[in-house]
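Heavy-atom basis, side chains included; hydrogens, waters and symmetry copies ignored.
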Amino acid sequence: MTIKSYKCHKISEGQASGEVLFSKDGICFYLIDPKTGVVIQRNHCLFGKSIAGKILVFPNGTGSSVVQADGMYQLKMNHNEPKAMIVKNADTTLVASSIIMDMPLVDKVEEDFEKEINNKDVVKVNATEGTIKLLKKV
């Protein structure tokens, strides 16, 4: 059952449901342990937390194109990638890697989303249709 729906802009199509995990810091996928999905970057707001199977909300990717793409690839090969990503500022590497790895990626989400959604709330990202549906508040 949908509690509320938000509009967004499709970057990489697909759909996925899961718990939301917000990061106020940019993400360098190379600094995430591919065997666990745990952020190992010591000064990061998600240090020690797993992004595996989450709907990851973050401002932007960080690091060079090579380490970003390889980090995402390693996570995918170990089945520890996020289910979908919601980003504020998509860069070329993030976009290309998401498309290649068949991972839903959206941006330009309605402003109310970040005001009304919290970590662990459950959403369904339908990048193909350009919607994010709140399924469960925690």
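Applying the salt bridge (Lys or Arg N to Asp or Glu O under 4.0 Å) criterion to Asp121, with sequence neighbours excluded, gives Lys137.
The two residues Leu46 and Val39 come nearest to each other via the heavy atoms O-CB, 3.4 Å. The two residues Ser98 and Leu94 have their closest heavy-atom pair at OG-O, 2.8 Å.
Using the six-membered ring where Trp is involved, Tyr6 and Phe113 have ring planes that are perpendicular, over 60° apart on the 30 and 60° scheme.
In this structure a side-chain-to-backbone donor-acceptor pair under 3.5 Å is present from Ser12 to Met103. Of the possible polar contacts, none joining the Lys88 side chain to the Asn60 backbone as a donor-acceptor pair under 3.5 Å is found. Looking only at distances, no side-chain donor or acceptor of Gln15 sits under 3.5 Å from a matching main-chain atom of Lys124. No donor-acceptor pair closer than 3.5 Å links the side chain of His44 to the backbone N or O of Ser23. Asn78 places no side-chain N or O within donor-acceptor distance of the main-chain N or O of Asn80, the cut-off being under 3.5 Å. Proximity of a side-chain donor or acceptor of Gln41 to a complementary backbone N or O of Leu31 within less than 3.5 Å is not detected. Formation of a donor-acceptor pair under 3.5 Å by the Gln68 side chain with backbone atoms of Phe29 is found in this model. At distances below 3.5 Å, not a single donor-acceptor pair connects side-chain atoms of Thr2 with backbone N or O atoms of Lys4.
Around CZ of Phe22, the count of heavy atoms belonging to other residues, nucleotides or ligands within 6.0 Å exceeds 12.
The salt bridge (charged side-chain N to carboxylate O under 4.0 Å, His left out) pairs that include a residue from residues 40-66 are Glu19-Lys54, where partners are two or more places apart or lie in different chains.
Distance OG/Ser97 to CG/Asp102: 13.0 Å, rounded to 0.5 Å. The CG atom of Leu75 lies 8.5 Å from the OG1 atom of Thr36; values are rounded to the nearest 0.5 Å. Distance check: Asn126 CG to Ser5 OG gives 9.5 Å after rounding to the nearest 0.5 Å. Within the model, atoms CG of Leu21 and CG of Asn118 stand 12.0 Å from one another, a figure rounded to the nearest 0.5 Å. With rounding to the nearest 0.5 angstrom, the CD1 atom of Ile55 is 9.0 Å from the CD1 atom of Ile132.
Screening Thr131, Val125, Ile11 against Val106 for a side chain to side chain contact (heavy atoms under 4.5 Å, CB included) leaves a single residue, Val125.
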